[in-house]
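Notes follow the structure.
Both counts, for ligands and for their atoms, begin at 1 and track the order of listing. Starting from 1, each residue takes its place in the sequence as its number.
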Amino acid sequence: MSFTVAIDGPAASGKGTISRALAAHFGMLHLDTGLLYRAVGARVEAGEAPEAAARSLTQADLAREDLRSQAAASAASRVAAIPEVRAALLDFQRAFARAPEGAVLDGRDICTVICPGAEVKLYVTASPEVRADRRHAELVARGVDVTREEVLEDVLARDARDMGRADAPLVAAPDALVLDTSEMGIDEAVAAAIAEVVRVRGG
Ligand code: CDP
């Protein structure tokens with residue numbers, strides 16, 4: 001029997017950290033679906049057609065070192081607005097969600113489009129300022145030379161593109177539990193997510 005935890009939310013809301021912690025806690029598999037869009041974006045930047053790139057992603061594409069950059073995030077959010085790209089990535093994500101050990105998927109449209117039947121649905125968010133602070137600290141720790149203002153600008157531009165697109169816009173599913181992590185430490189946010197899984201699944 002599969003068990004799916006679907007997690008959506010905007011950039012740097014903490015959904016990736018929460019997803020990894022949930023998967024580790026319950027022994028489930030984790031898919032960061034943003035990586036799929038980042039990998040497609042990187043290949044499109046190198047000159048490929050978006051749909052062809054999305055249809056032929058390999059493990060090596062997903063393992064690229066440069067996918068965590070701001071440029072890759074921005075390229076991802078541009079290709080993510082193309083319906084054919086989203087359609088090409090759909091079956092892989094749905095199949096992953098049915099892993100027998102259970103699966104945690106995080107992204108922008110997991111609760112609304114990819115796994116509307118997921119047993120647990122979370123929408124993880126935080127104010128743009130808090131998200132920009134977090135992403136800025138993360139980038140600086142990795143040695144990236146970027147100002148907080150530049151990061152905030154990028155976060156706001158991506159929010160607008162992700163929430164404003166016609167196909168699978170970022171929105172909280174009506175039946176998702178909203179976790180606003182603006183004032184929460186990561187431990188508290190992870191504990192709240194674990195509590196929700198335990199409530200639905202039992203112990
Ligand atoms: O970690 P962060 O939230 O900054 O980025 P990400 O989750 O890796 O997503 C990068 C971009 O991919 C987003 O800005 C979205 O445009 C797109 N994306 C999407 O459209 N649908 C998903 N399920 C996941 C990501």
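Within a 6.0 Å sphere centred on CD of Glu48, heavy atoms belonging to other residues, nucleotides or ligands number more than 12.
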Which protein N or O atoms sit under 3.5 Å from any N or O of ligand 1? Give atom names and distances.
| unit_1 | atom_1 | unit_2 | atom_2 | d |
| --- | --- | --- | --- | --- |
| ligand 1 | 1 (O) | Arg135 | NH2 | 3.3 |
| ligand 1 | 3 (O) | Lys15 | NZ | 2.8 |
| ligand 1 | 3 (O) | Arg108 | NH2 | 3.1 |
| ligand 1 | 4 (O) | Arg38 | NH2 | 3.4 |
| ligand 1 | 4 (O) | Arg135 | NH1 | 2.7 |
| ligand 1 | 4 (O) | Arg135 | NH2 | 3.4 |
| ligand 1 | 4 (O) | Arg158 | NH1 | 3.3 |
| ligand 1 | 4 (O) | Arg158 | NH2 | 2.8 |
| ligand 1 | 5 (O) | Arg38 | NH2 | 3.0 |
| ligand 1 | 5 (O) | Arg158 | NH1 | 3.4 |
| ligand 1 | 7 (O) | Arg108 | NH1 | 3.1 |
| ligand 1 | 8 (O) | Arg38 | NE | 2.6 |
| ligand 1 | 8 (O) | Arg38 | NH2 | 3.3 |
| ligand 1 | 14 (O) | Arg108 | NH2 | 3.3 |
| ligand 1 | 14 (O) | Arg158 | NH1 | 2.9 |
| ligand 1 | 14 (O) | Asp162 | OD2 | 2.7 |
| ligand 1 | 16 (O) | Asp162 | OD1 | 2.5 |
| ligand 1 | 16 (O) | Asp162 | OD2 | 3.4 |
| ligand 1 | 20 (O) | Arg86 | NH1 | 2.8 |
| ligand 1 | 20 (O) | Arg86 | NH2 | 3.4 |
| ligand 1 | 20 (O) | Arg165 | NH1 | 3.0 |
| ligand 1 | 20 (O) | Arg165 | NH2 | 3.0 |
| ligand 1 | 21 (N) | Arg86 | NH2 | 3.0 |
| ligand 1 | 23 (N) | Thr33 | OG1 | 2.9 |
| ligand 1 | 23 (N) | Arg108 | N | 3.1 |
| ligand 1 | 23 (N) | Asp109 | OD1 | 3.1 |

Check residues 184-191 and write down every donor-acceptor pair under 3.5 Å in which the side-chain atom is one partner and the other belongs to a residue at least two apart or another chain.
none

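Defined by atom type and a distance below 3.5 Å, a donor-acceptor pair is missing between the side-chain atoms of Arg131 and Ser127. Remark: the Arg158 side chain and the Ser77 side chain contain no N/O donor-acceptor pair separated by less than 3.5 Å.
Sequence neighbours left out, the pairs with a member in residues 110-121 that pass salt bridge (charged side-chain N to carboxylate O under 4.0 Å, His left out) are Lys121-Asp175. Sorted by first then second residue, the salt bridge (charged side-chain N to carboxylate O under 4.0 Å, His left out) pairs that include residues 92-109, not counting sequence neighbours, are Arg86-Asp109, Arg108-Asp162.
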